[in-house]
K.L.:
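Sending over a structure as structure tokens; questions will come in a sec.
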Amino acid sequence: MINMKKFLVLLLILCFINMPVFALEFDDTIDANIRKDYNVEEYELPALPSSVPTAVVEPPSVKYNPTGKIYTIKSGTKINISSKSTITDRMGKGHRITFYANEGFTTKEGDIVPAGTLLKGVITNSHTPQMTGNGGLVELKIDEIYYNGLASKIETKVSLANSKKVYLGNIKGKRSYWKNYSKAMQPGRKAFKATKSCSSELGSIPIINLISPIPILCGTVIYTLNFVAAPVIAIFTKGGSLALPAGTKFQVKVTDDAKIKG
């Protein structure tokens, strides 16, 4: 009987050592999972810090023919534009950005402002990804137009960026709290699945089946602790970075009648 007890204890120890949740083995899939989970295309992770964007798109050429007249762009006019250079959440407040008109639009006097006309905007606020899964942000407004090569002030608000609605001029990166919460729950789910499988295997062995509930109980405890901790873990994770490449399309709406030189 003593030998039988020793045998059962040894068997139990071996079982726990070989359970995936307790095994001290290196998983060579971890690196692959990290690369998959943090795919650059999905998260648009920022490159090394750089204050000067490199990508630039050249607008269509425009022939200037100044007339010396004043023209009016009516309030409510929608102008479709594209950025000449990359826009990121690393750009600080006050950073100037150049755009160009994708298509012509008509002034109150009937003249056509042609495609390729330059407009300039300014970043009024920005921040990189923040905790609680909050993504990066760029607040932008277009405040200058170059009709016939002459600069004039213009009041607008950005209404669309890449065909998506923009509210209060805020262009935001992906908010990732719930995605990060799901990732934080993975260890608990894996532990529960592994211990459930171990309990199932032990349950098919006579005598040993008496201790078969132990692994799944351990897995349940781990899963419960993970469930409680996951919301806190997710709070301390960041959202997606914001990077809009050169050529990104926007739509801006004129908010006040603009008197422009031409």
Side-chain angles (χ1 to χ4, degrees), residues 5-50 88-90 126-138 162 164 170-245:
K5 288 182 178 179
K6 290 182 178 180
F7 172 76
L8 291 176
V9 171
L10 180 62
L11 188 60
L12 178 61
I13 292 172
L14 290 174
C15 175
F16 272 84
I17 290 175
N18 286 281
M19 284 169 53
V21 70
F22 292 106
L24 298 176
E25 297 179 1
F26 290 103
D27 186 352
D28 60 5
T29 64
I30 290 177
D31 184 62
N33 287 336
I34 290 175
R35 292 177 183 273
K36 179 180 178 183
D37 290 341
Y38 291 88
N39 185 279
V40 173
E41 294 180 357
E42 177 183 355
Y43 276 86
E44 298 182 336
L45 293 178
L48 292 175
S50 174
T88 77
D89 53 24
R90 292 180 180 275
S126 69
H127 65 67
T128 54
Q130 298 176 326
M131 295 298 183
T132 71
N134 194 21
L137 175 142
V138 170
N162 277 334
K164 295 182 179 179
N170 293 336
I171 306 168
K172 299 180 179 180
K174 291 182 179 178
R175 181 168 176 79
S176 305
Y177 177 82
W178 291 111
K179 190 177 185 70
N180 293 333
Y181 171 81
S182 179
K183 287 182 179 180
M185 283 296 300
Q186 286 182 4
R189 286 193 292 263
K190 289 180 179 179
F192 182 79
K193 184 178 179 180
T195 54
K196 181 181 178 181
S197 176
C198 183
S199 288
S200 178
E201 291 178 7
L202 291 178
S204 62
I205 304 174
I207 302 178
I208 303 300
N209 57 14
L210 296 175
I211 60 171
S212 63
I214 295 177
I216 196 170
L217 287 175
C218 292
T220 300
V221 171
I222 294 172
Y223 183 84
T224 301
L225 292 174
N226 194 180
F227 180 79
V228 172
V232 178
I233 295 172
I235 286 175
F236 292 97
T237 56
K238 295 182 178 181
S241 180
L242 178 65
L244 303 173

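Start at 1 with the first residue, then count along the sequence.
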K.L.:
Is it the case that the side chain of Thr195 and the backbone of Ala191 share a donor-acceptor pair, with hydrogens and angles ignored and the cut-off at 3.5 Å?
P.N.:
yes
K.L.:
How many angstroms lie between atom OG of Ser126 and atom CZ of Arg90, to the nearest 0.5 angstrom?
P.N.:
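Between atom OG of Ser126 and atom CZ of Arg90 there are 11.0 Å.
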K.L.:
Output the distance between atom CD1 (Ile205) and atom CD1 (Ile211), rounded to the nearest 0.5 Å.
P.N.:
8.5 Å
K.L.:
Just to verify, what does Asn170 make a side chain to side chain contact (heavy atoms under 4.5 Å, CB included) with, not counting sequence neighbours?
P.N.:
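If we apply the side chain to side chain contact (heavy atoms under 4.5 Å, CB included) test to Asn170, skipping adjacent residues, the hits are Leu137, Glu139, Leu168, Lys172.
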K.L.:
Scan the side chains in residues 220-233 for donor-acceptor partners under 3.5 Å anywhere in the protein, sequence neighbours excluded, and list what turns up.
P.N.:
from	atom 1	to	atom 2	distance (Å)
Thr220	OG1	Ile216	O	2.8
Thr224	OG1	Thr220	O	2.8
Asn226	OD1	Gly188	N	2.5
Asn226	ND2	Ala184	O	2.9

K.L.:
Is the closest side-chain heavy-atom distance between Leu242 and Ile171 below 4.5 Å?
P.N.:
yes
K.L.:
So which of Cys198, Ser197, Ser199 actually passes side chain to side chain contact (heavy atoms under 4.5 Å, CB included) with Glu201?
P.N.:
Ser197
K.L.:
What's the shortest heavy-atom distance between Asp89 and Val138, and which atoms?
P.N.:
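Closest pair (atom of Asp89, atom of Val138, distance): CA-CG2, 3.7 Å.
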K.L.:
List in chain and number order the residues that pass side chain to side chain donor-acceptor pair (under 3.5 Å) with Gln130, two or more places apart in sequence or in another chain; answer none if no residue qualifies.
P.N.:
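With neighbours one apart ignored, the set is Asn134.
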K.L.:
Does any part of the side chain of Pro215, heavy atoms only, come nearer than 4.5 Å to the side chain of Leu202, both counted from C-beta?
P.N.:
yes
